Amino acid sequence: MSIRLGDIAPDFEQDSSEGRIRFHEWLGDSWGVLFSHPADFTPVCTTELGFTAKLKDQFAQRNVKAIALSVDPVDSHIKWIDDINETQSTAVNFPILADADRKVSELYDLIHPNANDTLTVRSLFVIDPNKKVRLTITYPASTGRNFNEILRVIDSLQLTDEHKVATPANWQDGDEVMIVPSLKDEDEIKRRFPKGYRAVKPYLRLTPQPNR
């Protein structure tokens, strides 16, 4: 069964490079980024895991935990981590699930037979502290993920959860945002957005980004 936005992220217990993990318990009250890889010792994924390790402080600022998945066993992960650390000049600081029995892969619909009937596709899930799935992206094997975009989406989700706004195309943290169309009461608008707004159209009202 495919996972849709708003679904509760399936819980599981699985081995990893950092020991046995009970997923929901491991997440606690943090946001989570769960991302899968076809196999260990693959070039694109080696760069991705190295870049993720370098984002440790950026993730921590946003209360985000990262966790990767591959269908290879723990001993393979440990050897691969040595390669990642060496080639990417970093130190992997998050767990890699060892999904040799495909349990997590099946829960998260990561086996796509038309792509490969044994290896996982390269999917990514952003999960909020309520364990709800807020973003899903699936990449082809040949294209590395844009983790700056992942951070941008998390910034948008956290901002729009807190304020009655939406973020426009190509929005970056600090740019103008849009007041949601459902907010009509002018007194509430003035209270929520003391810097005012400009109405391009009645449904398109831009305002300076509120403090996060």
Side-chain angles (χ1 to χ4, degrees), residues 3-37 45 47-70 77 81 84-85 88 90-97 99 104 107-108 110 122-139 144-168 170-180 192-193 207-212:
I3 294 177
R4 299 178 178 179
L5 298 186
D7 288 352
I8 297 296
D11 196 13
F12 57 81
E13 185 175 343
Q14 187 60 288
D15 291 328
S16 82
S17 58
E18 296 186 1
R20 194 78 174 168
I21 284 180
R22 296 179 178 88
F23 186 52
H24 282 191
E25 179 182 307
W26 176 84
L27 272 179
D29 61 358
S30 298
W31 289 71
V33 172
L34 168 63
F35 56 113
S36 58
H37 301 278
C45 301
T47 64
E48 290 184 334
L49 269 69
F51 194 82
T52 301
K54 293 175 182 178
L55 291 175
K56 180 180 180 180
D57 290 343
Q58 294 277 357
F59 281 137
Q61 290 172 16
R62 296 165 171 83
N63 188 32
V64 174
K65 291 181 176 180
I67 186 167
L69 174 148
S70 166
H77 287 357
I81 286 171
I84 295 166
N85 292 344
Q88 306 305 306
T90 190
V92 171
N93 44 40
F94 54 89
I96 306 175
L97 294 166
D99 195 38
V104 181
L107 281 174
Y108 282 79
L110 300 177
R122 298 175 59 253
S123 291
L124 180 145
F125 305 87
V126 171
I127 300 161
D128 71 18
N130 295 317
K131 312 299 184 292
K132 287 188 176 181
V133 175
R134 303 294 298 277
L135 172 75
T136 64
I137 307 178
T138 299
Y139 288 79
R145 295 177 240 243
N146 184 339
F147 281 88
N148 292 323
E149 168 65 2
I150 305 308
L151 291 175
R152 189 187 79 91
V153 173
I154 292 170
D155 284 342
S156 174
L157 288 169
Q158 293 181 346
L159 177 69
T160 57
D161 278 359
E162 185 176 355
H163 302 280
K164 291 188 176 183
V165 297
T167 55
N170 294 332
W171 172 87
Q172 298 290 333
D173 190 25
D175 289 351
E176 283 187 316
V177 296
M178 300 177 291
I179 299 171
V180 295
R192 288 181 174 275
F193 308 105
T207 186
Q209 177 179 313
N211 293 329
R212 296 175 60 196

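This one's a predicted model, so the numbers in the text were calculated from it and none came from an experiment.
- Between the side chain of Asp29 and the backbone N or O of Asn63 there is no donor-acceptor pair closer than 3.5 Å.
- Closest of all the heavy-atom pairs between Ala53 and Thr90 is CB-OG1, 3.5 Å.
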Apply side chain to side chain contact (heavy atoms under 4.5 Å, CB included) to Leu157 and Asp128, showing your working.
CA-CA 9 Å; Leu157 288 169; Asp128 71 18; over 6 Å; no
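- Closest non-hydrogen pair, Ile21 versus Ser16, comes out as CD1-OG, 3.5 Å.
- Closest approach of Asn170 to Arg152, counting heavy atoms only: C-NH1, 3.9 Å.
- For NZ of Lys56, the number of neighbouring non-hydrogen atoms (other residues, nucleotides, ligands) closer than 6.0 Å is 12 at most.
- Taking CG of Asp155 as the reference point, atom OG1 of Thr160 lies at 10.5 Å (rounded to 0.5 Å).
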Determine, stepwise, if the pair Leu55 / Phe94 fulfils side chain to side chain contact (heavy atoms under 4.5 Å, CB included).
CA-CA 11 Å; Leu55 291 175; Phe94 54 89; over 6 Å; no
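- In this structure a side-chain-to-backbone donor-acceptor pair under 3.5 Å is present from Tyr108 to Pro10.
- For the atom pair CD (Gln88) and OG1 (Thr52), the distance works out to 10.5 Å, reported to the nearest 0.5 Å.
- The side-chain heavy atoms of Leu49 and Phe51, taken from C-beta on, include no pair separated by under 4.5 Å.
- The CZ atom of Phe59 sits 6.5 Å away from atom CZ of Phe147, with the distance rounded to the nearest 0.5 Å.
- Of the inter-residue distances, the one linking His37 atom NE2 with His77 atom NE2 reads 9.5 Å to the nearest 0.5 angstrom.
- Just one of Leu34, Ile150, Thr136, Thr138 meets the side chain to side chain contact (heavy atoms under 4.5 Å, CB included) condition when paired with Leu124; it is Ile150.
- Applying the ring pair (Phe, Tyr, Trp, His ring centres under 6.0 Å) criterion to Phe23, with sequence neighbours excluded, gives Phe12.
- By the 6.0 Å contact criterion, CZ on Arg4 is open, its count of non-hydrogen atoms from other residues, nucleotides or ligands being 12 or less.
- Ser123 places none of its side-chain heavy atoms less than 4.5 Å from the side chain of Phe35.
- Ile127 places none of its side-chain heavy atoms less than 4.5 Å from the side chain of Lys132.
- Asp161 CG: more than 12 foreign heavy atoms inside a 6.0 Å radius.
- Side-chain contact check for Glu18 versus Val92: every heavy-atom pair is 4.5 Å or farther apart.
- Scanning both residues, Asn85 and Ala91, for their nearest heavy atoms gives OD1-CA, 3.2 Å.
- Proximity of a side-chain donor or acceptor of Lys65 to a complementary backbone N or O of Ala60 within less than 3.5 Å is not detected.
- Looking only at distances, no side-chain donor or acceptor of Gln58 sits under 3.5 Å from a matching main-chain atom of Leu151.
- Classification of Arg22 and Asp11 as a salt-bridged pair fails, no side-chain N sitting under 4.0 Å from a carboxylate O.
- Once rounded to the nearest 0.5 Å, the distance linking CH2 of Trp171 with CG of Leu159 reads 5.5 Å.
- Heavy-atom minimum distance, Tyr139 versus Asn146: OH-N, 3.6 Å.
- Residues meeting the side-chain hydrogen bond (donor to acceptor under 3.5 Å, both in side chains) test with Asp173, sequence neighbours left out: Gln209, Arg212.
- Taken from CZ in Arg134 to CG in Leu5, the straight-line distance is 9.0 Å, to the nearest 0.5 Å.
- Counting all heavy atoms, side chain and backbone alike, Ile96 lies closest to Ser70 at CG2-N, 4.4 Å.
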List the steps, then state whether side chain to side chain contact (heavy atoms under 4.5 Å, CB included) holds for Val153 with Val126.
CA-CA 9 Å; Val153 173; Val126 171; 5.5 Å; no
